[in-house]
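Report on the structure given below.
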Amino acid sequence: MSETLRTDYLLIGFSVSSWFAACALREEDSSGRILAVTEEDRVYSRPLLSYVLGNRSNGMTYFGDVVSENPAEVWWNCAVEKLDGPGKWVELADGRRVAFGKALVATGGVPVFPPIPGAEGGGVFTFTRVDDMERMAAYIDQHDVEDILVLGGGFIGLKTCEALIALNKRITLVELAPRLLINMMDQTGSRYLEKALLKEGVEVVLEDTVERFERKENELCSSVLKSGRSLPHRLAVVAIGVRPNISWLAGSGLQVNRGVLVNAHQETSCPGVFAAGDVAETMNMITGERSVVAVWPEAVAQGKVAGKNMAGKHKTYQGSLPLNAVEVGETAIVSAGLVNPPDNGTYVTIIREERDVYQKLVLKEDRIVGLIFVGDIEKAGIYVHLIRHRIPVDSFREKLLQPDFGIISLPLNFRKHMVEGAGIEV
Amino acid sequence: MKHIKIHEEYCIGCRLCEINCLVKHSHTGKIIKAFKEESPRAFPRIRVEEEGCLSFALQCRHCEDAPCVENCMTGAMRRDKENATVLCDEEKCVGCWMCIMSCPCGVIKREKKTRRIASKCDLCGGVDEPVCVAHCPNEALTYE
């Protein structure tokens, strides 16, 4: 066996939660060695990919200081094969071993790809990494692709549609559920979204799925849906979901469920080994249930908490809040928290509905626990802030969703302390 | 760094700050042209909130621990190294709206240029006194 290398801190994967963890580590430990290993060959912002594909961004470079001033030493093209949590070492794909003091598992997610007959042989893509995007863009060019099938009306499916609309492609979006964005939308919100998609020329097919892909002279030419309908297309994007990238953790000693289980300090069942971002299974701050919430703001927050705790500080994660935004044509759509509450008498909804505007708040007792905003999203952040800080709304409940609702509607003792910094209070 | 300080006890709700902010961020910078000729019309990066006899004007607070900066997935939203102002780089913004979802004050808007981008108070680009402060008739906004 080759020599064992050693680092104080090892970051496995180098995307958003690792960037923030490295900076948090350096704030607390000015000299410890921070080593990041990644199987990718460059640093980029993953959610930017769909914008790059749609020619709406100049590139996928992330310009933030957490990257330009990142203190980690990075080893590129360097996959980790194996982790021994209790033994505190990893084995790299090239056979080298790295021993660590503390480690962060931040290997993100991998797309779910169900076995669909005919999918092999080119033209069928998933869309979560930079090489997916580059291969897809090249395929579109080489094959003069005009018709595209997007399978999956979840967040990635919608972002893919956003990009392909910008490229003026004919798109059919197929979703098995009776509505789009099943976890972040309700039936009404989905109808607004479907209307916006239709306006952009996207055909939405609900309650159906692809049974098989068909090929002519080995080239993808169409698909047959479960309903029997046949759809012609030269390219298909399978976007039915992402799952935590944990298969490599077999035998690591880390407890895993859907993702890597962590406590409120982002520490796994194995002391000294932490996890953050799309690979981690955290406590949902609304439901109290464990879940994987694979969104940017939570990856940031988890990375920061992990970094501080790895450096020996005591910092607690407040729990995850599912939250996302999409835009189709002129219609912006955001959602946060619990938007489809169980019908058990515990939850109340407040709704504002106009021609191009739909807003819904979900309340449990005197707290807001979820929201959907379609069309008018400007004040969404205020409501998200109320959700995150579990602010009782009873004293201003009648003002919620009113057009003149604002910071002025909030209790004085709250609004005076809602932003950090001297002299800037509202 | 200097901040725009809000003095709600002096605000009379006249909205001159909104009007001057709109003009400042219009193409022509001329009040009549900005309102009568420009399409789409510019919009203010400041919002006067009113409730009963209480009112105040609110714009980006340029928070110390700004959630819009860390939740920006392009790095377009950033803190200026020199004067600590939070600014959005229009070239880099792709309009994902994570900043809007993160802003506790709800003071970031969608703006349509060649593409949609996030738009907010830029402190009038580093002038001695932002226009909302300069035109406030009752010192309900001060820059200090």
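Each chain gets a letter, A, B and so on, in the order its sequence line appears, and its residues count up from 1.
Contacts of B:K5 with chain A are made by both backbone and side-chain atoms, with heavy-atom separations under 4.5 Å. Looking at A:E420, both its backbone and its side chain come within 4.5 Å of chain B, counting heavy atoms on both sides. In this structure, the portions of A:A332 lying under 4.5 Å from any heavy atom of chain B include both its backbone and its side chain. In this structure, chain B has a heavy atom under 4.5 Å from the backbone of A:S335, while its side chain stays farther away. Interface remark: A:D65 contributes side-chain atoms only to the contact with chain B (heavy atom separation under 4.5 Å). Residue contact with chain B, scored on non-hydrogen atoms closer than 4.5 Å, involves the backbone and the side chain of A:S409 alike. Contact of A:R46 with chain B is not made at all, since no heavy-atom distance falls under 4.5 Å. Looking at A:F20, only its side chain comes within 4.5 Å of chain B, counting heavy atoms on both sides.
Between B:R61 and A:V426 the shortest side-chain heavy-atom distance falls below 4.5 Å. Side-chain contact between B:D89 and A:F63: absent, with no pair of heavy atoms (C-beta onward) separated by less than 4.5 Å.
Here the closest heavy-atom approach between residue A:H385 and residue B:P104 is recorded as ND1-CB, 3.4 Å.
Of all residues in residues 44-59 of chain B, those placing a non-hydrogen atom less than 4.5 angstrom from a non-hydrogen atom of chain A are B:R47, B:E49, B:E50, B:E51, B:L54, B:S55, B:F56, B:L58. For residues 67-84 of chain B, the interface with chain A (any heavy-atom pair closer than 4.5 Å) comprises B:E70, B:N71, B:C72, B:M73, B:T74, B:G75, B:K81, sorted by residue number. Within residues 15-39 of chain B, no residue has a heavy atom under 4.5 Å from a heavy atom of chain A. For a heavy-atom cut-off of 4.5 Å, chain A lies close to no residue in residues 124-137 of chain B.
For the set A:V66, A:V16, A:N324, the count of heavy-atom pairs under 4.5 angstrom toward chain B peaks at A:N324. For the options A:L48, A:V384, A:V419, A:V326, heavy-atom pairs under 4.5 Å to chain B are most numerous at A:L48. Heavy-atom pairs under 4.5 Å with chain B peak, among A:G381, A:S57, A:P47, at A:G381. When each of A:M418, A:H389, A:K304 is scored by its heavy-atom pairs under 4.5 Å with chain B, the top score falls to A:K304. Contact count against chain B (heavy-atom pairs under 4.5 Å) is highest for A:I377 among A:N58, A:I377, A:L410, A:D404. Counting heavy-atom pairs closer than 4.5 Å to chain A, the top residue among B:D65, B:I4, B:V107 is B:D65. Between chain B and the residues A:T61, A:V295, A:L323, the largest count of heavy-atom pairs under 4.5 Å involves A:L323.
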B:M98 vs A:V300, side chain to side chain contact (heavy atoms under 4.5 Å, CB included): CA-CA, chis, key distance, verdict: CA-CA 12 Å; B:M98 272 298 144; A:V300 171; over 6 Å; no
Could you walk me through whether A:E330 and B:R110 satisfy the salt bridge (Lys or Arg N to Asp or Glu O under 4.0 Å) test, starting with their C-alpha distance in whole Å, then the side-chain angles of each, then the deciding distance to 0.1 Å, before giving a yes or no? CA-CA 10 Å; A:E330 301 285 297; B:R110 296 153 71 215; over 6 Å; no
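In this structure, SG in B:C105 is found 11.0 Å from CZ in A:R415, a value given to the nearest 0.5 Å. In this structure, the separation between CD on B:E64 and CD1 on A:I424 is 6.5 Å, given to the nearest 0.5 Å. In this structure, the separation between CZ on B:R115 and CD on A:E327 is 12.0 Å, given to the nearest 0.5 Å. Summarising the geometry, atom NZ belonging to A:K159 is positioned 6.5 Å from atom SG belonging to B:C96; distances are rounded to the nearest 0.5 Å. A distance of 8.0 Å separates CE in B:M101 from CG in A:L321, rounded to the nearest 0.5 Å. Once rounded to the nearest 0.5 Å, the distance linking OH of A:Y51 with SG of B:C93 reads 9.0 Å.
Annotation: A:K313, atom NZ; neighbour count of heavy atoms from other residues, nucleotides and ligands within 6.0 Å does not exceed 12. Heavy atoms from other residues, nucleotides or ligands lying under 6.0 Å from OH of B:Y10 number 12 at most. Taking a 6.0 Å sphere around CD of A:E398, one finds it holds more than 12 heavy atoms contributed by other residues, nucleotides or ligands.
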